[in-house]
Amino acid sequence: MAPVPPGIRLLVSFNRSQWYKALTFILTFLLYTSFHLSRKPISIVKSELHKNCTRVTQPGDVASSSSQRSPLTPLHTSMDCSWKPFDKKNYKQLLGAMDYSFLCAYAVGMYLSGIIGERLPIRLYLTVGMVTSGLFTCMFGLGYIYNIHNLGFYIFVQVLNGLVQTTGWPSVVTCIGNWFGKGRRGLIMGLWNSHTSVGNILGSLIAGYWVSSNWGLSFIVPGIIIAAMGVSNGVWCFSLQGVIEFSLCLLFAKLVSYTFLFWLPLYITKAAHLNAKKAGDISTLFDVGGIAGGILAGVISDKSGKSATTCAFMLLLAAPTLYGFSMISELGMGPTIGMLLLCGGLVNGPYALITTAVSADLGTHKSLKGNARALSTVTAIIDGTGSVGAALGPLLAGLLSADGWDQVFYMLMTADFLALLVSFTIHKHL
């Protein structure tokens, strides 16, 4: 029998705990490398923000013919190519102010970061910090793209970036400290701390690649990298079966619900020709129906043991109800009241079920092995995704209502159909 190759023997020799330690070491190393990678561009770009260029006047130009030079000799003249407002004589103070704004915000934020981090799931805290840091790093680069010359804009971005970057160090140190004991912690930390230099090296190389041609990309590319690393760090929260599906389902359900919340009284005023008080009073019936719908959805879910089926059934009935409600101007007061109650129950029933019972079921799933913090993480992910829909709904309603209220209801029915479609993709009904 052929001997086992040394590399295979080495891999097999590691137990599960050692593999987790290695994974934690590599992941936290890469995560904090991206932090330093995103901080480095400002030092590379400084020379581009304030610089002098040489303009060459070709033979035959006015400037050349008026000089004592030979008409065949090009004339070299110096001109200021600085990026305003860094074209001033005190540009060094202005560049220093940008550094100070970042570092001062970082110092102040670090005092609070550890306290906040102890009260939130570390993975979620770190992910949000990295994504927002990527956003602000990209915003600095967008100053070049959109030709922004306001010093306040760049200082404001630096302050915000300094604050959110404080999420990194406490989080990664907590992770690495929990996995490695005191015995060899000095050696491990010494190797691990090299992420600072590695990040600075990579940041310099990336920023330097674009600094002369388009210094905005010197910030945008590192910003995308740290944001992508943050998203990859948070992927495990979404890997739990059902989180993505229910998050998207809630997004569309909340879009419909919040559109009614912010636009229903105005629609009743215009469609039913009622004054503002009567329209406001009648609109409360939608929420009354929502109370009943939430309770009914919970009862059906408990009896059947299938939350996804319950949501799908109510969403299926909601679509024709929305269409019927769009005909409110042609209905009497009695049918209008009944339609409001029914529509509120069918729209808010799945919304209530997903944000409460479903989130709790997913957060206490057996695969999480009793991790108490997972419940808050899963709840935040699902409701956060739903809040995106809550923001989009009223915005789209305002844009579409200019072409008639029918367009708004078509949008609501489309959102309801998409929520129904997503609910069908859930293989394991909770």
(request) Just do the side-chain hydrogen bond (donor to acceptor under 3.5 Å, both in side chains) check on Asn275 and Thr269 with the steps written out, would you? (result) CA-CA 6 Å; Asn275 60 42; Thr269 299; over 6 Å; no

[X] vs [Y] side-chain heavy atoms within contact, under 4.5 Å:
X: Ile225; Y: Ser38; value: no
X: Thr167; Y: Val128; value: no
X: Asn214; Y: Ile145; value: yes
X: Met229; Y: Asn233; value: no
X: Pro41; Y: Trp215; value: no
X: Ile122; Y: Cys175; value: yes
X: Ile44; Y: Trp210; value: no
X: Ile42; Y: Phe140; value: yes

[atom2] on [Y] to [atom1] on [X], rounded to 0.5 Å:
X: Leu191; Y: Phe25; atom1: CG; atom2: CZ; answer: 5.5 Å
X: Asp416; Y: Leu421; atom1: CG; atom2: CG; answer: 11.0 Å
X: Ser387; Y: Leu392; atom1: OG; atom2: CG; answer: 11.0 Å
X: Tyr154; Y: Gln158; atom1: OH; atom2: CD; answer: 11.0 Å
X: Trp263; Y: Leu396; atom1: CH2; atom2: CG; answer: 11.0 Å
X: Met130; Y: Tyr125; atom1: CE; atom2: OH; answer: 13.5 Å

(message) Do the side chains of Lys46 and Asp99 get close enough for a salt bridge, i.e. N-O under 4.0 angstrom?
(response)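 Here Lys46 pairs with Asp99 in a salt bridge, since their nearest N and O are under 4.0 Å apart.
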
Main-chain N/O of [Y] paired with [X] side-chain donor or acceptor, under 3.5 Å:
X: Asn348; Y: Tyr351; value: no
X: Ser43; Y: Lys40; value: yes
X: Ser113; Y: Met110; value: no
X: Thr310; Y: Ala297; value: no
X: Ser101; Y: Ala97; value: yes
X: Asn200; Y: Thr196; value: yes

(request) Mind running side chain to side chain contact (heavy atoms under 4.5 Å, CB included) on Leu346 and Leu315 for me, showing each step along the way? (result) CA-CA 7 Å; Leu346 294 176; Leu315 290 169; over 6 Å; no

(message) Tell me whether Phe313 at atom CZ has more than 12 heavy atoms from other residues, nucleotides or ligands lying less than 6.0 Å away.
(response)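 No, because the 6.0 Å sphere around CZ of Phe313 holds 12 heavy atoms or fewer from other groups.
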
(message) Just checking Tyr100: does its OH atom have more than 12 heavy atoms from other residues, nucleotides or ligands closer to it than 6.0 angstrom?
(response)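 Count not over threshold, so no.
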
(message) Go through it in stages, so that I can follow the logic: the residues are Ser218 and Glu48, the test is side-chain hydrogen bond (donor to acceptor under 3.5 Å, both in side chains), and I'd like the CA-CA distance, side-chain angles, deciding distance and then a yes or no.
(response) CA-CA 11 Å; Ser218 297; Glu48 195 69 17; over 6 Å; no

Side chains of residues 397-414: which donor-acceptor partners sit under 3.5 Å, not counting sequence neighbours?
from	atom 1	to	atom 2	distance (Å)
Ser401	OG	Ala397	O	2.9
Ser401	OG	Gly398	O	3.2
Thr414	OG1	Tyr410	O	2.7

Of the non-hydrogen atoms in [X] and [Y], which two are nearest, and what is the gap between them?
X: Leu274; Y: Ala279; result: CB-N, 4.4 Å
X: Cys343; Y: Phe260; result: SG-CZ, 3.9 Å
X: Leu353; Y: Gly298; result: CD1-CA, 4.3 Å
X: Ser133; Y: Ile226; result: OG-CD1, 3.7 Å
X: Val256; Y: Ala415; result: CG2-CB, 3.9 Å
X: Phe136; Y: Val157; result: O-CG1, 3.0 Å

(request) Step through it carefully: locate the ring centre of Phe29, locate the ring centre of Trp192, and say whether they are under 6.0 Å apart. (result)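 They do not qualify: ring centres at least 6.0 Å apart.
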
(message) Using ring centroids (six-membered ring only for Trp), state whether Tyr32 and Phe35 fall under 6.0 Å.
(response)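 Ring-ring flag for Phe35/Tyr32: true, centres closer than 6.0 Å.
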
(request) Walk me through it: do Leu250 and Thr385 pass the test side chain to side chain contact (heavy atoms under 4.5 Å, CB included)? (result) CA-CA 7 Å; Leu250 182 62; Thr385 306; over 6 Å; no

(message) For Thr166 and Tyr111: C-alpha separation, side-chain torsions, deciding distance, then whether side chain to side chain contact (heavy atoms under 4.5 Å, CB included) applies.
(response) CA-CA 9 Å; Thr166 60; Tyr111 285 103; over 6 Å; no

(message) Parallel, tilted or perpendicular, judged at 30° and 60°: which one describes the rings of Phe325 and Tyr267?
(response)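 Because their plane-to-plane angle lies in the 30° to 60° range, the rings of Phe325 and Tyr267 count as tilted.
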
(request) For Lys303, enumerate each residue passing the salt bridge (charged side-chain N to carboxylate O under 4.0 Å, His left out) test, keeping only those at least two apart in sequence or located in another chain. (result)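 With neighbours one apart ignored, the set is empty.
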
(message) Could you go through Phe102 and Asn161, starting from their C-alpha distance and side-chain angles, then the distance that decides it, and tell me whether this counts as side chain to side chain contact (heavy atoms under 4.5 Å, CB included)?
(response) CA-CA 7 Å; Phe102 175 88; Asn161 200 8; 4.2 Å; yes

(message) Suppose the criterion is side-chain hydrogen bond (donor to acceptor under 3.5 Å, both in side chains): which pairs have a residue in residues 282-293, not counting sequence neighbours?
(response)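 Applying side-chain hydrogen bond (donor to acceptor under 3.5 Å, both in side chains) to every pair that reaches into residues 282-293, excluding sequence neighbours, yields nothing.
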
